[in-house]
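Input: a single structure, listed below in structure tokens.
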Amino acid sequence: MVDLATLLLHGDDEHNRVTDVAPPINVTSTFRYDNNNLVPWRDLTSLECLDENPVYSREGHPNGVRLEALFSRFLGGYAVCYSCGLGGFLGAIVHLNPKRVFMDQCYHGVQGIVGILKRNYGVERYGLANIEEYAQEGDLVHVETPVNPFGTSLDISDLARRAHSKGALLMVDSTFAPPPLQNAWDFGADMIMHSATKYFAGHSDLLSGVLVVKDKEVAGKLKEDRIYLGSNIANLESYLLLRSLRTYDLRIKKQSENATQVVNYLNEHKDEYPALNKLYHSSLQSEDFVKKQLSGGYGPVFSLTLKTEEQCKKFCSSLKLFQHATSLGGVESLVEWRAMCDSDIDQCLVRVSIGCESATDLINDLSSVLSQL
Ligand SMILES: *Cc1c(COP(=O)(O)O)cnc(C)c1O
């Protein structure tokens, strides 16, 4: 096994179909049948043959195949790509068909999907504290860690043990700390999801999601469902995401180191910022499991609370190197007054997504605005 940096550049070499060094963008929606070898659908033994001989791009297309080959090696399982992170979560939940879902604070869209299932099909939703009381065989425990918007960690091993003791499965949303920062397989996850829109894409210019499973047959079923859910990743996005992954190892390490330095600085100088209430980040947690779980480095998102909403507005609009926008994971640093998109969260909370700028410059920008609030 080669190092991650090498794998990200060569993990899909076997799927080079042409002599182009950069993979071509296939804009086509449909592909000609091979008139010398016409196998009707009824005789297909597996959908894998679509990888070699694409038919229609909702089912699969060349750069999607390359992407899944690369992600499968990189993420240690069988990867299935989607049009966005939520497409992946929906694919998982349609496949697993749980009667009960257990989750706490997590991405609002994930909660939205469970809300739809509850409304339409009576799926029950409980908090993580209720696993022992209500969980049964085939139920789903969903945990996002580090968790949005705080960037703090929950103990995956503990949740895996609790879920498994009831016959339930554990899904981990690892978007905030993808490998090599955190490898959720090591702690008992049954399925892992990522919004690839964030760190994997890394340039704030595409949407996509990836689900990783340990069982090839399950991956096959997810792909089959994906044909009918219409949630395959698009052609152009697969090309862009492949291109992004070539530099992912460089980006994520830099972003993780930057964030750890920034949080450390702000925490050590917090007495100089009268408006600052509290800082949230995994690097500030003292529990033993946190360092073990984030063995490759802390996630690049953290949050802080200020004393007033006015200070939040001023802070977000005065920074020079942080654009005021939602989302995270890109090479450019972002800041967001979370009240702009979430009415249930602390209305004085600001989320910070650290990019690839110099940590010193980011610290100077944050520190000078914070000290003037
Ligand atoms: C963004 C995000 C999602 C949803 O991903 P999309 O690509 O926007 O559909 C899910 N979980 C987490 C933790 C996210 O940050």
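Every number for a ligand or one of its atoms is a count from 1 in the order of the listing. Residue numbers start at 1 and run along the sequence shown.
- Protein residues with a heavy atom under 4.0 Å from ligand 1 are C84, G85, L86, Y107, E144, D173, T175, F176, S195, T197, K198, S208.
- Considering D51, D13, D12 in turn, D12 is the only one that fulfils the salt bridge (charged side-chain N to carboxylate O under 4.0 Å, His left out) rule with R66.
- The hydrophobic cluster analysis finds V21 isolated: no Ile, Leu, Val, Met, Phe, Trp or Tyr side chain comes under 4.5 Å of it, directly or through other members.
- Other cluster members for L47: Y33, L38, V39, W41, L44, L50, V55, Y56, I227, Y228, joined by side-chain heavy-atom distances under 4.5 Å among Ile, Leu, Val, Met, Phe, Trp and Tyr.
- For the pairing with E132, the salt bridge (charged side-chain N to carboxylate O under 4.0 Å, His left out) check across K166, R161, R162 returns one residue only, R162.
- Listed by chain and number, the residues in a side-chain hydrogen bond (donor to acceptor under 3.5 Å, both in side chains) with N267 are K270 (sequence neighbours excluded).
- Formation of a donor-acceptor pair under 3.5 Å by the Q136 side chain with backbone atoms of A168 is not found in this model.
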